[in-house]
Every structure is written in C-alpha cells, then in structure tokens.
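This report concerns only the one structure given below.
Numbers for residues simply follow the sequence, beginning at 1.
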Amino acid sequence: MGRHRQTTAEVQTNLRELLDWQFAERDDQAVAQALHSGQGMDAVYGLDEAGLLDGFFAFLDESGIKAHWQTLTIAGVRHLLVPVIMFVLLYGTRLLFGIESSNALPALLFSNVAAMTLIGFNAQQVAEGLSQRGAQQRTAASEYTLMDPQTLANAICKISASALQDLFNGTIRALAAFGVFMAEVMVAVDGTRVVTPPTFQGRGQLRVTERARTRQGVQVEVVKFLFGWRLIALLDLRTLIPLALKIVQIQAHEAPYLVALVRQAQANLAPSSRIGQLVLDRAYVDGASLYALHELGITFVVIAKANMAVRAVALAEQAGTPSYERTETVRRGHGREATTEVWVSRVRMVTDLRHWDAFRPPVDAERPLRWAQRPVLHAVIVNLWRNRAPEPDGERVYLTNAAVSDPWAVVDGYDDRSWIENGLYRNSKQFWRLTRWFPQKTEAGVHSHLTFVVMMLAVATAYRLWDKAQAGVVAEAPDHQIAQVVHKVIDAATGVVRVTPEAKRPRRTHLASHMEALYTPPAQPTAPVWSHEQLEGQGPLRWRRRLRRENRDRVIVFVGHRYGIFHASELLVLSGVPVRELPPHLGSRDDVLRRYGCLSDT
C-alpha cells in the first residue's frame, strides 16, 4: 500500500487542532478605511489559507517572546539567506500545520503566499525563491518555491545544544515575566521514551524484558532492545506549561537530573515566580537529590518504594492513629438514566519519621549526624482508595517533607501528577508529533525537534490561556461530577466518628510578576489566575470544530504592510459592493461602516 500524501485541507485541519496564529501588523480599522476610500487590495485570502496566525503573532510580540527569538544565532554558519528567526518561524509553522514530510513543505507551506507573507516573506520570494540557484531546481515534476526544504532542516539542525537550551529557557522566562504563572507554582517531573530506529546517529540503547505467553499458554520472558533518547520535563500543574527540559539517551536514569532540572526551572521563573511544591513518582526516590530540594525550600511528595525502611516503619506505626475517611457521591449519566455511585477512601498519617538514611546532609566522618539532627519526613498511608483495596505489594505510602495537617491535600496533590502524562506527553505525541518527523536522523536533529515541539506547545498553551483571559474567562475548578463530599475522622482508640465540614476553597488569585505584593501588606490580588481549567477540557478536536465554525466566512485582506480580518459580507460593504441582505449579527450597512470608523456617528 502506498504512503498517504497529505492534502492542503488536512494541513489546515492540523493547524486548527493546534493553534490560530499570524505574523504581520494587524490593523482592521486602517485596512477598512483604505478599502472604503477606494484603495485597492494587495491580496485577499480565505482565512483557512492564511492559517489563522493572527492572535498568536500578537501574543508573541506583546509577551516579548519574538524579541527573544530574534537573539538566536547559529554558530559556525557564515551565510544565511534570511535572518535566523525566519527559520525558527518556519519550523514552528511546520509543527503547527502538522506537515509530516519535509518534501511536502514546498506544496503545503512554502507556496502558501498568505502564511509566508505573514511570516515576513513577499510574494516574489515565494514565487521565485530566495536565490537564483533555486530557479534551477524548478521542474515540471517538482516546482521550487521559496527554498529547498533541506535548507530549513540543515539550519535547524546546526543550532547547538546550548543555543537550543537558551532558546527554550528564554521563552519560559518571557512567559514568567509576562505574568503567565502563579507567584508560587506546583510542579511535576517525569520522563518519556523517544524511540527511534537504530540507524539514528548518537542514539542510546535500552534493554527491556517483557512477559508474554506462547501459543501453548506458557509464560516466557522476552528481551527487547529500544533505541533512541529520553525526554525529561518539569511541568507547571496549573497551566500545563513545561518549565524546563532535559534530553538524554534512552537508557539513562532520570533521578540524577532532578536537581539540575529544578534549578533551571527556578531560574526561568525568577524573579516573577518560584517553585513551591513538587510531586514525583518512584523513579525519583533518591535521598540526596530530595534533600537538596529540601534545602532549597521546596516541599515534595513522593511514593515510597517497597524495600525502604522508612516505609516499613510508617506501616508499623499507623496502628492507633486516627483514620481519615472521605465519602464522594458521584453522578453518572443524565436525565432519567442518571445514577449515583458512592466512593469511600481511607487514609492515615504518621509523622516525625527519620528512618531514611539517604535523606540527610552529606556525611562527615568526623562529625556524625545524631538521630535528633536528621531531617524529618511525614507519611500518608492509603488503606482504601475509592472502594479499591491496596495492591498485593501493600498499601501505598506517600512521603513528604511538608507539615501535614490535612492528609487529603497530600493525596490529591500527588494525583495531579497524572497531568504531566496526559497533558504534556500524550498531547505532544498525538497532536504535535513529538516522536516523529525529525529533520535529520542524527542527535542534532532529534534534539532540535524535541526542543521545538516542547517550546511551541508551551507558547501555544500560554497563548490560549491569554486569549481566554482577554475574553474574561475565569478559571473554576471542575467538580468531575462529584455531587457531595463528606469527611470523617475516626478515633482508633474509642471509635468515635467526627464529621468535619469540607473546607470552602478560596478563589485563587494571580500574583505572578508581582512578588513584592506577598510581602507588602495588604497583598491585593492583581488579576484572575491563568489555569488549564479555563480551556474547559476542550481538546484539539473540539477546538478545531469551534475554529472552523467561527472562521468559515472570514477573509484576510492585505493592504501595504497591514492586514485586516473581516467577514466576507463586511469586505463587500467596505469595497462599495451593494449587498441586499447582511447576516443579522453584522447589523446594517451603516453599522458596518461605523464599526470601522468609515462613517461618523452623527
């Protein structure tokens, strides 16, 4: 079966799934007045062709990201046909368009005059190429437009690893300074495998053992080898924006990179924000690293491994401690088919644990650390979770260095860690093609692609949140169809049950970029918080349908160095073409002219 070739319609669909953006100066009123005065249009395109680049480019300018991208240089390259930022924009646009093959770039991107004009090229460059040498490549079988696709791939892959890090870190610093993040953020860290063919230069090798059954039903172990790299990212759980990343070979362990990753994220957020809490899985159970975070003033929550002495002590000492019970009544279905289900969960707390030998300052042979001087940890043990008994390997034990007054805050906080898999890696693999479309089959090609995907995902998410904030959408925590929550505390000695009222959640306020407000009484909220909850669970597919509905009758008009976006009927009115019937939401002909300052109010 032959390989499917993408069409322009599929590219437009991919772009709507990811973003709606643009790169030129938008001035609807100036363009409208020029049209009304009889000035001709330089070009007009359906908005689908332009790629919906409008709001995103405005966000890049306003947030300072575009200015940072303009500082990128490619060391060792003497001559470039265009500024380096043009390559950044072109590769970013390729990701947003969802163009799978580099060979398809001329047909699906480079020949798109509207999109290329918004990025900064002109129609002549698109038609004739950037150099005379390109004209020689134009044949009946392959029409050359703008540049050879390999030119873009070569330029991106020549960006050094340190320059890529600076590009990503500077982008996050610009977002932090713009006020995207809370003054104190809760983060999660995790890694994912990026599997490639063994022919990729510089790839790592990981030996994995899998269990399988033969046709006779016999269980056997199968040894496989995976090749590629591992991407480790630190994610803000409020906005689902990655704050720092590290790319290593696929066989590398993640724990040794934890402290450096957190320090980099802290540097990216400063001085506008800072990391307050970190949640991690068992892969990061490393006493020395977690103690370093403890010394940085960061509280953490991690699941204890089965062979840890501190876990055994916590399980042994839980007897006699109060049991905290939570009952959640969950709605299922709607209308006559609606039902309810009751979830019961129980946890216990054990405090003042000093039994993790590795969680301590560096050992000094001349000055041994006394027991009372050891740092303290606290544990929350899950005896029952939503009607499910513990796994055969025993009860789950959460360890934290934070003072624990409410065990549910620890459990629920760790539960948010799943967002790094669902909100970052699954999204980037499914819709941003994280593990595909590498510009070259080399280490540089993989590093460049992974960095650009994570960076563009971060900026796209920030833009969507900014767009929602501009529209006045307030972040409200979803109830996940939970109709009622009842908390109880059961005394182990007497059996007395005490029902505790559920604390009312205060409305979150956004203090990022105004850290001094935390120390200057009274600290007043500066603006509503930005949160992924503002997106209302809308994934790329639903977003695509909404964008298609909102923009199907709109056009983009270029006049000089400006452009405007109008409804097709508005364009006819501004151009002086009689329109017998206008869509009701546009109003009358005079309303359209008055809206763009072409008709006085008197």
Side-chain angles (χ1 to χ4, degrees), residues 12 15-16 19-63 66-67 70 82-83 85-86 89 93 109-128 145-146 463 466-467 470-471 547-602:
Q12 294 167 359
L15 183 61
R16 288 195 197 92
L19 199 51
D20 39 340
W21 60 304
Q22 267 176 22
F23 253 100
E25 182 183 355
R26 179 176 176 178
D27 193 334
D28 290 355
Q29 188 164 353
V31 173
Q33 292 175 1
L35 296 175
H36 185 62
S37 65
Q39 184 176 342
M41 294 175 281
D42 292 332
V44 58
Y45 305 95
L47 195 56
D48 284 344
E49 294 182 33
L52 306 177
L53 306 178
D54 176 48
F56 186 75
F57 274 50
F59 175 73
L60 291 181
D61 279 323
E62 189 167 342
S63 62
K66 184 180 177 182
Q70 289 173 327
V82 296
I85 188 175
M86 306 300 276
L89 302 182
T93 307
L109 178 61
F110 294 165
S111 59
N112 188 325
V113 181
M116 293 299 97
T117 303
L118 291 171
I119 289 177
F121 299 100
N122 57 49
Q124 182 179 357
Q125 290 173 324
V126 173
E128 300 179 4
T145 55
L146 194 67
Y463 162 66
W466 174 76
D467 189 51
Q470 296 290 100
L547 291 175
R548 178 181 297 171
R549 182 176 64 251
E550 292 176 354
N551 296 288
R552 60 190 173 192
D553 296 323
R554 304 174 76 192
V555 295
I556 180 169
V557 180
F558 289 90
V559 176
H561 297 290
R562 295 187 176 92
Y563 68 91
I565 296 177
F566 308 100
H567 191 280
S569 297
E570 288 181 318
L571 177 61
L572 294 176
V573 170
L574 294 169
S575 302
V577 178
V579 181
R580 294 180 180 178
E581 185 176 347
L582 291 172
H585 69 278
L586 297 180
S588 65
R589 174 184 178 278
D590 288 349
D591 291 334
V592 173
L593 296 177
R594 192 175 293 112
R595 185 179 304 129
Y596 296 105
C598 301
L599 190 67
S600 61
D601 295 331
T602 56

Return the minimal non-hydrogen interatomic distance between P583 and H567, and the atom names on each side.
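What the structure gives for the nearest pair is CG-CE1, 3.8 Å.
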
Closest non-hydrogen atom pair between R589 and L582, with its separation:
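Closest approach of R589 to L582: N-CD1, 3.7 Å.
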
Close side-chain approach of [X] to [Y], heavy-atom, < 4.5 Å:
X: M41; Y: V31; result: no
X: I565; Y: V555; result: no
X: V82; Y: F121; result: yes
X: Q70; Y: P83; result: no
X: Q39; Y: V559; result: yes
X: I85; Y: L89; result: yes

Is there a donor-acceptor pair closer than 3.5 Å between any side-chain N or O of R595 and the backbone N or O of L586?
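Judged by distance alone, yes, a pair lies under 3.5 Å.
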
Under 3.5 Å: donor-acceptor pair, side chain of S37, backbone of A34:
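Confirmed, S37 side chain pairs with A34 backbone.
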
Y596 pairs by side chain to side chain donor-acceptor pair (under 3.5 Å) with which of E570, H36, Q33, Q29?
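Looking at E570, H36, Q33, Q29, the match for Y596 under the side chain to side chain donor-acceptor pair (under 3.5 Å) is E570.
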
Mind checking whether Y563 and F558 have parallel, tilted or perpendicular rings, split at 30° and 60°?
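Taking F558 first and then Y563, their aromatic rings sit tilted (interplane angle of 30° to 60°).
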
Can you name the salt bridge (Lys or Arg N to Asp or Glu O under 4.0 Å) partners of R562, sequence neighbours left out?
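Testing R562 for salt bridge (Lys or Arg N to Asp or Glu O under 4.0 Å), a comparison that skips the adjacent residues, returns D27.
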
With rounding to the nearest 0.5 Å, note down the distance linking CG in L60 to OH in Y463.
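L60 atom CG to Y463 atom OH measures 10.0 Å (nearest 0.5 Å).
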
Rounded at 0.5 Å granularity, tell me how far CZ in F59 sits from CH2 in W466.
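Nearest 0.5 Å value for the CZ-CH2 distance: 7.0 Å.
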
Go through it in stages, so that I can follow the logic: the residues are C598 and L574, the test is side-chain contact (heavy atoms from CB on, under 4.5 Å), and I'd like the CA-CA distance, side-chain angles, deciding distance and then a yes or no.
CA-CA 9 Å; C598 301; L574 294 169; 4.1 Å; yes

